[in-house]
Amino acid sequence: MQSRTPASRTGRPRSAAADAAILAATREALVELGWSGLTLGGVASRAGVAKTTLYRRWAGKNELVVDAVAELFDALEPPDRGSLAADVEGVVLQFAALLSRPEARSGLMAVLSESTLDEALRERIRVSIVERQEHLVRAGRARAQDRGELPPEPDPDGAARTVGLLFGMVAGAVVHRTLVSGRPVDEEWVHDFTRVLLWGLVTAGTGP
C-alpha cells in the first residue's frame with residue numbers, strides 16, 4: 001500500500017500489516033456504525049493495534065476515512081479489451097462493482113457529506129481519490145490513440161483538461177446512478193452511456 005500520510009512525520013518504521021489492519025477496521029466500522037459512531041480509539045481496538053500506533057499514522061478521522069476509501073479505489077485497473085468502447089465499458093463496470101460494496105458506498109458517502117463544510121477534506125478527497133484514479137483515463141486514452149481510434153492531443157494542458165473531464169463524466173455518472181438514483185448499472189445502461197460518451201469524445205476531436 002502506498003502511504004498517503006504527510007511525509008514530514010518521523011518515528012519508527014511503518015508496518016504495512018498494521019496499516020492494512022487499520023484501514024480494513026475503518027471500513028468495517030463505517031458500515032456498522034456510520035460516520036458519527038466511528039472513533040479512532042474504536043478503530044484501533046478493532047485493528048488490534050495500540051491507539052498510539054494509529055495516531056502516529058493519522059491525525060484525525062477525516063484523513064483516516066479518506067485513506068480507507070482510497071485504498072479500495074486503488075484496486076481499479078485500466079482494462080485493455082481491444083477497443084475504446086470496450087475499455088470504457090470495462091472501467092464503468094469495475095467502478096460500479098466497487099460502489100456496490102457496502103464499505104465503499106458507506107465510506108464514500110460519509111466523506112462526501114462531511115466535505116461539504118470542510119475545505120481541507122475536499123482537497124484530500126481530490127488528491128487521494130480523484131487525481132489518483134485519473135490514470136485509468138490516461139491509460140485508456142493512450143491505448144485508443146495508439147489504435148488510431150482517437151487523434152493525438154499534443155498540448156499537455158489540453159490533454160490534462162480532457163482527462164479531467166472524462167474522469168468526471170464517468171465517475172459522476174456512475175456515482176449518480178448507483179448512490180443517488182439507486183438504479184442498477186446493467187449492460188444496457190453501460191452500453192448506452194459509452195455510446196453517448198464516445199460520440200462526444202470523437203466529435204470533439206474532429207472539431208475546429
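Since the model is a prediction, treat every value here as computed from it, not as a measurement.
Heavy atoms only, all atoms of each residue included: A173 and F193 are closest at CB-CE1, 3.5 Å. Of all the heavy atoms in L40 and W58, the pair that sits closest is CD2-O, 4.2 Å. The two residues R46 and A29 come nearest to each other via the heavy atoms NE-CB, 3.8 Å. Contact record, V190 with V185: CG2-CG1, 3.4 Å, taken as the closest heavy-atom pair. Closest of all the heavy-atom pairs between L54 and A44 is CD1-N, 3.9 Å. In terms of heavy atoms, A85 sits closest to T194 at O-CG2, 3.6 Å.
At least one side-chain heavy atom of W189 sits less than 4.5 Å from a side-chain heavy atom of V92. For the pair L197/L166, a side-chain contact is recorded, criterion being any heavy-atom separation below 4.5 Å from C-beta on. In this structure, the side chains of L108 and R105 stay at 4.5 Å or more apart for every pair of heavy atoms. A 4.5 Å side-chain heavy-atom check between P151 and Q145 finds every atom pair outside the cut-off. Using a 4.5 Å heavy-atom cutoff, the side chains of L72 and L98 are in contact. Between F167 and V91, every side-chain heavy-atom pair lies at or beyond the 4.5 Å cut-off.
Taken from CZ in R126 to CG in L121, the straight-line distance is 12.5 Å, to the nearest 0.5 Å. S106 contributes atom OG, which lies 12.0 Å from atom CZ of R27 (distance to the nearest 0.5 angstrom). Rounding to the nearest 0.5 angstrom, the gap separating the CG atom in L84 from the CG atom in L198 is 4.5 Å. Here CG of L99 is found 5.0 Å from CZ of F73. Values are rounded to the nearest 0.5 Å. A distance of 7.0 Å separates CD of E77 from CD of Q94, quoted to the nearest 0.5 Å. Taking OG of S128 as the start and CD of E71 as the end, the distance is 12.0 Å to the nearest 0.5 Å.
Of the possible polar contacts, one joining the T178 side chain to the V174 backbone as a donor-acceptor pair under 3.5 Å is found. Under the 3.5 Å distance criterion, the side-chain polar atoms of S45 are left unmatched by any main-chain donor or acceptor of G42. Formation of a donor-acceptor pair under 3.5 Å by the R132 side chain with backbone atoms of A70 is not found in this model. With R122 contributing its side chain and S115 its backbone, the two residues share a donor-acceptor pair below 3.5 Å. Listed for the K61 side chain is a donor-acceptor partner under 3.5 Å among the backbone atoms of W35.
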Criterion side-chain contact (heavy atoms from CB on, under 4.5 Å) on V137 and V170, from CA distance to verdict: CA-CA 9 Å; V137 175; V170 172; 5.8 Å; no
Given side-chain contact (heavy atoms from CB on, under 4.5 Å), test R161 with D155 step by step and report yes or no. CA-CA 10 Å; R161 287 194 298 272; D155 174 34; 4.2 Å; yes
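Using a cutoff of 4.0 Å between basic side-chain nitrogens and carboxylate oxygens, D192 and R195 are scored as salt-bridged. Using a 4.0 Å cut-off between charged side-chain N and carboxylate O, R57 and D67 make no salt bridge. Remark: D87 engages R147 in a salt bridge, criterion side-chain N to carboxylate O under 4.0 Å. Salt bridge annotation for R141-E134: absent, with no cationic side-chain nitrogen under 4.0 angstrom from a carboxylate oxygen.
With hydrophobic clusters built from ILVMFWY side chains whose heavy atoms lie under 4.5 angstrom apart, V65 does not share a cluster with L33. Note on V127: it does not cluster hydrophobically with L112, by side-chain heavy-atom contacts below 4.5 Å among ILVMFWY residues. Both L179 and L30 belong to a common hydrophobic cluster when Ile, Leu, Val, Met, Phe, Trp and Tyr are linked at side-chain heavy-atom distances under 4.5 angstrom. Note on L23: it does not cluster hydrophobically with V31, by side-chain heavy-atom contacts below 4.5 Å among ILVMFWY residues. Side-chain heavy atoms closer than 4.5 Å link hydrophobic residues (I, L, V, M, F, W, Y) into clusters, and following such links, possibly through other members, connects L165 to V175.
Residue H191 qualifies as open at atom NE2: its count of foreign heavy atoms under 6.0 Å is 12 or below.
Between E153 and T162, the side chains place a donor N or O and an acceptor N or O closer than 3.5 Å (distance only, hydrogens not considered).
Shown here are the salt bridge (charged side-chain N to carboxylate O under 4.0 Å, His left out) partners of E89, two or more places apart in sequence or in another chain: there are none.
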